J.: 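This is the structure I have questions about; it appears just below.
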Amino acid sequence: MDSKYSPQLVEEKIYRGWEEKNLFKATVNKNKKPFSIILPPPNANANLHLGHAMYAYEDIMIRYKKLSGFETLWLPGADHAGFETQFVYEKHLKKEGKSRFDFNRETLYKNIMEFVMNNRSNMENQLKRLGFALDWSRKKFTIDEDIIKAVYKTFKKLSDEGLVYREKRLVNYCTFCGTSFSDLEVVHKEKISSLYYMKYGPFTLATTRPETKFGDTAVAVNPKDKRYKGWIGKEVEVEGLNGKFKLKVVAENSVDPKFGTGVVKVTPAHDFTDFETGKHHNLELKQVIGFDGKLNELAGPYQGLYVNEARKKIVDDMQTKGLIVKIKEDYSHRVGTCYKCGRILEPLPKEQWFVKVRPLAEKAQKLVDKDEIKIVPKKFKKVLLWWLKNFRDWNISRQIVWGIRIPAYHCKTKDDWFISTDKPVKCQICGDCDFQQDTDTFDTWFSSAQWPFATLRVNPSLFDYFYPTSVMETGYDILPWWVARMIMVGVFATGKKPFETVFLHGMVRDRNGQKMSKSKGNVIDPILMIDKYGADALRSALIFGTKEGGDVALSEQKVVGMRNFVNKIWNMGRFIEMNNQVKSQKSKVKSTIQNSKVLKELEKEYKKEKKQYLKYMNSYQFSQALGLVYEFIWHRFADYYIEQLKDEVINGNIEALGGLKEVYLENLKMLHPFIPFVTETVWKVFMGKEKSILNSEL
RNA sequence: GGUCGCUUAGCUCAACGGUAGAGCGCUUCAUUCACAUUGAAGAGGUUAAAGGUUCAAAUCCUUUAGCGACCACCA
C-alpha cells in the first residue's frame, strides 16, 4: 500500500469491478426483503451538477440496505425533459442561424432525439463517477416506447373516469417560447409599471394594461360600493380610440373599492380574474392579443403591434384625445413570467387538456396526513399537505414538439375528441372521418409523475416484488412539481402508493450559503472535484456536518477536509496491513494485562458505536451516522487505541493486531455506504482482489 | 398579503429537554513514527432579545427584532 490513497488510480477500476460482478443487479429474491429506490432521472442532455451529487443519499441507503441483507434495486433513468430540452436545442439552433420554424415536426423531433442521445451517455458516465450503485441493466428513458405506452394508458384511464377534460380556458402562454404552461411553471416577479387612470364612459378607472381595452366586455364594481351602486346592470357608452362602444356594468365581489377608483374594466380574454368575472356574467370572450404576442384585427389601426409597442402608442393617442386622467409611474405589482426565458407571460384563451386534480389530491392528502407515506424530514409534510390542498386543475398540454404526443384525436365530422392508447385506424366517433391527432405534447411532469410505476411495470414480477418502492429521495424544490404529482397519479394508476417514504434533501450552496449560479461565478463542478479529490471526498463533504433536508454549504476546503479523512482511513488500513504481513515471521507475543484491558475497552466502545450507528441509519440521520463513525475511527480508534497498542503490534502481538483489525474492518463496512471506493479498495487488500465489501454483512 | 423556516465559536453548520460540539481558519509544540492529506496542547460562545413552562431549556411555549425560501388573480 502507498503512503497516500490515490482515488484517481482506483475508482474507475473499482466501479467496473462492481458492474462486472453484477453487484448492483437486482433480482426477485423471495428469501430477502426488497428495498428499492427509483433514481430521479437527470436530464439526458446536460452535465450533472452538485444537486445530482446529493443523490449520494440514495446510494447510502441502497448500500446500507444491501449490507443489511436486503435485496436492493436502484433503478437509473434519463429524462427527456420536454420543454427544457427543446429550449436548449433551440439555443443551439440559433447559433447555427436557424430556428425551430425551419423544420417540420418529424425532422425537428428526430434531430432533438439525436442531440439528446449523443449526450445521454455522458450523463450516465458521470453518475458512475459518483460511484452510484445503480442497476444499469434496468435503465429507462422517459421517452422509451414502453414508458409512452404506460403514460397513454394512464391518460386514457383518467379520461375514462372523467378526470381529464378539454376546455377553452385562459392559460399562461409564452409568446416567445410558443407554449402554454401549468400554474406551477409561472414565476411571479415584482415589476414597476405605470398605472393608467383613464376616462371610461361616465367613470374613471385604473389599469396597467390599456392595450387590452379592445377586448373589454364589461365594467365591474363592488356591489357594496355606494358610489357606483346605481350603475349596476346598466349599460354605459364609452368613448374609445376606435369610436364609441357600449358596455354593461356588473357587480363583482373581487373588485376592491379601495384600489384605484373602485371601477375595473373587464377583459375576460386576457386576465384571469376577468375570465372568472366573464363566466359569472356570461360575458363575451374577445381575444385581441394573438399567440404571436401581437394585437389582432380587433385592435383596428393597432393591429400587428407587439403588446409593449401597442401600449405606448395607445397611451399616446389617448392622451391626445384627452382620455388619460393621470399616470402613476412607480406602480409596483407582480407579473407572471416564463420560468425559462423570463419574458412576461400572456394570459390567453386556449383549448387544452386539463387534469381534474381535486379527487386525486384528496386521496394523496389522506395518505400523507395519516403517515401512510412518511415524509422525512417531517417539516416538509406540512408543505406537501399545503400543496395537495391547494392544487388546481392541471394544464397538461404543451405546444412543443419534443415530448410525448398526446394520444387524443379530433373527429372532424362531429367536432369532438377521442382518446386511444393505440394509433387508431378509424375515427372512433363518426367511424370514417379524416381524424387528426392533437399536435400538442404532454407536460413533462405528467409523464414524470408516473415514473415509479411506469419503470417497474415493464417487468411484472419486478413490479410485484419492488412496488411500492421503498424511498423516493429528491430535492425539496420539486416537492409540488414531482413528489405531490407522483403520489396523486401513482395512487390513481396502480391503486397503491408509489413509495413508502419520501426523503428530501436540501440545495447545495457555496461556502457562504449563497445560491450557486453561473453569473455569480461560484459554481462548483462535481466532476472536477472528483478528479481532484475523489468521489468519496465529494460525497462525504455533502453529507458531513449537515442536517437532512437543510441546505448545504459546500467549499473546496470542505472537500479537501474529507479527502484527508479518506486518506486517514487508508493509512489505518496500511498500518494494520504492514504488521499483518510480518506477523508470521515474529514470535507470538502475549498481551500484558494492561493491553488486554485496552482491547476490552476498544471492543466495548465499538459495540456502543455500532448500536448508535444502526439507530442513526435506520432513522435517516445519515449525517449523524457519518459523524459518529468519523469521530470514533479517527479520534478514538486511531488517535487513542492504535497509539496505545502500537508498540505491542510492532512487536508482533497477534492479539492486539487482531483486535484492531476486527474493529477496523467492521468500521469499513459502516463507512462503505458513504465512502464506497476507499472502503472497497482496502477491503480487497485485506480479503483478496476478488472479494467485495458489498458482499459482506453489517 | 399568506405559509414554512432560520438566527449557536472568526466562517459554514451540528446537537433539539439533562455538564455548549464539528469542519475549515487561528496560536504553540512535535518529524528517522501508518498518515504533515499527521499528532499533542490551546485560544475562541451569558446558543438574536425579552418573558414563560420545568428539578433542568440552545432545545418546549409566547412576544419582539433581523434574515431567507416558497406561494398569491390587487386590476
Side-chain angles (χ1 to χ4, degrees), chain A residues 1-6 170 172 183-184 186-188 193 195-196 205-210 212 220 252 254-256 258-267 270-277 331-336 347 377 379-387 389-390 392 476-477 479-480 506-507 509-515 533-534 537 540-541 544-579 621 623-624 626-628 630-631 634-635 638-640 642-643 646-647 649-650 660:
Chain A
M1 289 173 89
D2 272 337
S3 69
K4 281 187 176 67
Y5 169 64
S6 306
L170 284 202
N172 300 290
D183 297 337
L184 288 187
V186 180
V187 176
H188 293 272
S193 315
L195 183 64
Y196 305 94
L205 58 76
T207 181
T208 53
R209 304 209 57 186
T212 62
E252 193 63 32
S254 66
V255 178
D256 178 2
K258 292 189 197 101
F259 185 91
T261 59
V263 184
V264 184
K265 69 188 198 65
V266 181
T267 323
H270 298 292
D271 182 281
F272 288 99
T273 314
D274 293 0
F275 183 78
E276 291 303 315
T277 306
Y331 176 65
S332 172
H333 65 148
R334 277 155 219 263
V335 292
K379 67 173 173 182
F380 292 116
K381 182 177 165 181
K382 279 185 225 166
V383 183
L384 180 56
L385 283 173
W386 185 91
W387 275 106
K389 201 177 152 197
N390 288 286
R392 288 180 294 170
Y476 67 71
D477 57 331
L479 197 67
M507 305 295 111
R509 314 250 166 171
D510 76 358
R511 73 186 70 198
N512 301 314
Q514 296 295 305
K515 216 174 203 168
Y533 309 109
S540 42
F544 188 82
T546 63
K547 189 179 190 164
E548 285 68 36
D551 290 349
V552 182
L554 188 80
S555 60
E556 184 158 348
Q557 273 171 329
K558 192 170 180 195
V559 182
V560 169
M562 296 318 285
R563 186 275 315 262
N564 295 352
F565 173 61
V566 168
N567 188 59
K568 186 80 186 179
I569 295 297
W570 168 265
N571 268 292
M572 289 172 211
R574 182 167 176 244
F575 172 76
I576 294 168
E577 170 60 14
M578 281 168 89
N579 291 290
Q621 292 176 278
S623 180
Q624 290 292 307
L626 175 59
L628 174 83
Y630 179 101
E631 171 65 22
W634 196 329
H635 301 304
D639 292 349
Y640 178 73
I642 290 185
E643 290 304 323
K646 191 177 233 171
D647 293 343
V649 166
I650 291 168
L660 288 174

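Residue numbers begin at 1 in each chain, while the letters A, B, ... track the order of the sequences. Not measured: the values here are computed from a predicted model.
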J.: Tell me the interatomic distance from A:Glu631, atom CD, to B:G23, atom P, rounded to whole angstroms.
T.: 8 Å
J.: Is there a donor on the side chain of A:Arg511 or the base of B:U12 sitting less than 3.5 Å from an acceptor on the other?
T.: no
J.: Could you work out which one of B:G25, B:G23, B:C73 sits closest to the side chain of A:His635?
T.: B:G23
J.: Taking the minimum atom-to-atom distance to the side chain of A:Arg392, which one of B:C73, B:A22, B:U37 wins?
T.: B:C73
J.: If we only count heavy atoms from C-beta on, is the A:Tyr630 to A:Met562 side-chain gap below 4.5 Å?
T.: yes
J.: Can you figure out which of B:A75, B:U37, B:G5 approaches the side chain of A:Lys379 most closely?
T.: B:G5
J.: Taking the P atom in each of B:A43 and B:A20, what is the distance between them to the nearest angstrom?
T.: 15 Å
J.: Taking side chain as C-beta onward, heavy atoms only, is A:Tyr5 less than 4.5 Å from A:Asn571?
T.: no
J.: Starting at the 5' end of RNA chain B and moving along, which residue's nearest nucleotide shows up first, A:Ser623 or A:Asp271?
T.: A:Ser623
J.: Is there a donor and acceptor pair closer than 3.5 Å between the side chain of A:Lys568 and the base of B:C35?
T.: yes
J.: Write down the partner of B:A48 under the Watson-Crick or G-U wobble criteria, each distance required to be under 3.5 Å.
T.: B:U64
J.: In Watson-Crick or G-U wobble terms, both distances under 3.5 Å, what is the partner of B:C11?
T.: B:G23
J.: Expressed as a whole number of angstroms, how long is the span from A:Asp647:CG to B:A34:C1'?
T.: 14 Å
J.: In the structure I gave you, are the side-chain heavy atoms of A:Arg392 and A:Asp183 within less than 4.5 Å of one another anywhere?
T.: yes
J.: Between B:C16 and B:C60, how far is it from one P atom to the other, in whole Å?
T.: 11 Å
J.: Looking for any heavy atom pair under 4.0 Å, which part of the strands does A:Gly260 touch: base, sugar-phosphate only, or nothing?
T.: nothing
J.: With C1' as the reference atom in both, quote the distance from B:A65 to B:C73 in angstrom, rounded to an integer.
T.: 33 Å
J.: Just call it for A:Trp387: base, sugar-phosphate, or nothing, with non-hydrogen atoms closer than 4.0 Å on any strand.
T.: sugar-phosphate
J.: Considering Watson-Crick and G-U wobble pairs with both distances under 3.5 Å, what does B:C55 pair with?
T.: B:G18
J.: Tell whether A:Glu643 reaches the base of B:A34 with its side chain through a donor-acceptor pair below 3.5 angstrom.
T.: yes
J.: Determine the contact category for A:Phe380: base if any of its heavy atoms lies under 4.0 Å from a base atom, sugar-phosphate if only primed atoms, P, OP1 or OP2 are that close, otherwise nothing.
T.: nothing
J.: With respect to the side chain of A:Asn564, which nucleotide from B:G39, B:U37, B:A22 is positioned closest?
T.: B:U37
J.: Report the distance from atom CG of A:Leu628 to atom P of B:G21, rounded to the nearest whole Å.
T.: 16 Å
J.: Name the pairing partner of B:G39, where a pair is Watson-Crick or G-U wobble with both distances under 3.5 Å, or state none.
T.: B:C29
J.: Taking the side chain as every heavy atom from C-beta outward, state whether A:Leu660 and A:Met572 have any atom pair closer than 4.5 Å.
T.: no
J.: Would you mind reading off the distance between A:Tyr196 atom OH and B:A75 atom C1', rounded to a whole angstrom?
T.: 14 Å
J.: Would you classify A:Ile642 as touching base, sugar-phosphate or nothing, given that sugar-phosphate means primed atoms plus P, OP1 and OP2, and contacts are heavy atoms under 4.0 Å?
T.: base
J.: Describe the nucleic acid contact of A:Tyr5 in one word from base, sugar-phosphate, nothing, applying a heavy-atom distance below 4.0 Å.
T.: nothing
J.: For B:A49 and B:A22, measure between their P atoms and round to the nearest Å.
T.: 22 Å
J.: What is the distance, rounded to the nearest whole Å, between atom CZ of A:Arg574 and atom P of B:A36?
T.: 9 Å
J.: Looking at side-chain heavy atoms only, is the closest gap between A:Ser623 and A:Glu548 below 4.5 Å?
T.: yes
J.: By the 4.0 Å heavy-atom rule, please label A:Val266 as base, sugar-phosphate, or nothing.
T.: nothing
J.: Let's see if you can work this out: which of B:A15, B:A34, B:G5 has an atom nearest to the side-chain heavy atoms of A:Phe575?
T.: B:A34
J.: Looking across every strand, which nucleic acid part, if any, lies under 4.0 Å from A:Lys646 by heavy atom: base, sugar-phosphate, or nothing?
T.: base
J.: Tell me which nucleotide among B:U12, B:A15, B:A34 gets nearest to the side chain of A:Lys547.
T.: B:A15
J.: Which value, in whole Å, describes the distance between the P atoms of nucleotides B:G2 and B:G51?
T.: 28 Å
J.: Does B:C70 pair with anything, Watson-Crick or G-U wobble, both distances under 3.5 Å, and if so, with which nucleotide?
T.: B:G2
J.: Distance alone, cut at 3.5 Å: any donor-acceptor contact between the side chains of A:Asn567 and A:Tyr533?
T.: no
J.: Does any non-hydrogen side-chain atom of A:Tyr476 lie less than 4.5 Å from one of A:Met507?
T.: yes
J.: Looking at the side chain of A:Gln624, which of B:A15, B:A22, B:A34 is the nearest nucleotide?
T.: B:A15
J.: Roughly, in whole Å, what's the span from CG in A:Asp551 to P in B:C6?
T.: 12 Å
J.: How far, in whole Å, is B:G68 from B:U27 if one measures between their C1' atoms?
T.: 36 Å
J.: Considering only B:C13, B:A34, B:C70, which nucleotide approaches the side chain of A:Ala553 most closely?
T.: B:C13
J.: Work out how far the C1' atom of B:A41 is from that of B:G5, and round it to whole angstrom.
T.: 40 Å
J.: From the set B:C73, B:C74, B:C35, return the single nucleotide nearest to any side-chain atom of A:His188.
T.: B:C73
J.: Relative to the 5' end of RNA chain B, which residue comes earlier, A:Asn571 or A:Tyr640, by the nucleotide with the nearest heavy atom?
T.: A:Asn571
J.: For a quick test of reading the model, state the closest non-hydrogen atom pair linking A:Arg511 to A:Gln557 and the distance between them.
T.: NH1-OE1, 4.1 Å
J.: Between B:A75, B:U37, B:C4, which one does the side chain of A:Lys382 approach most closely?
T.: B:C4
J.: B:A15 C1' sits how many Å from A:Glu548 CD, rounded?
T.: 12 Å
J.: For B:U38 and B:A56, measure between their C1' atoms and round to the nearest Å.
T.: 41 Å
J.: Categorize A:Arg334 for me: base, sugar-phosphate, or nothing, with a 4.0 angstrom heavy-atom threshold over every strand shown.
T.: base
J.: May I ask you to say what A:Asp477 touches in the nucleic acid, namely base, sugar-phosphate or nothing, with a heavy-atom cut-off under 4.0 Å?
T.: nothing
J.: Quickly work out the A:Leu184 CG to B:A72 C1' distance and round it to whole Å.
T.: 13 Å
J.: Quick one: does A:Lys381's side chain get under 4.5 Å of A:Leu385's, heavy atoms only?
T.: yes
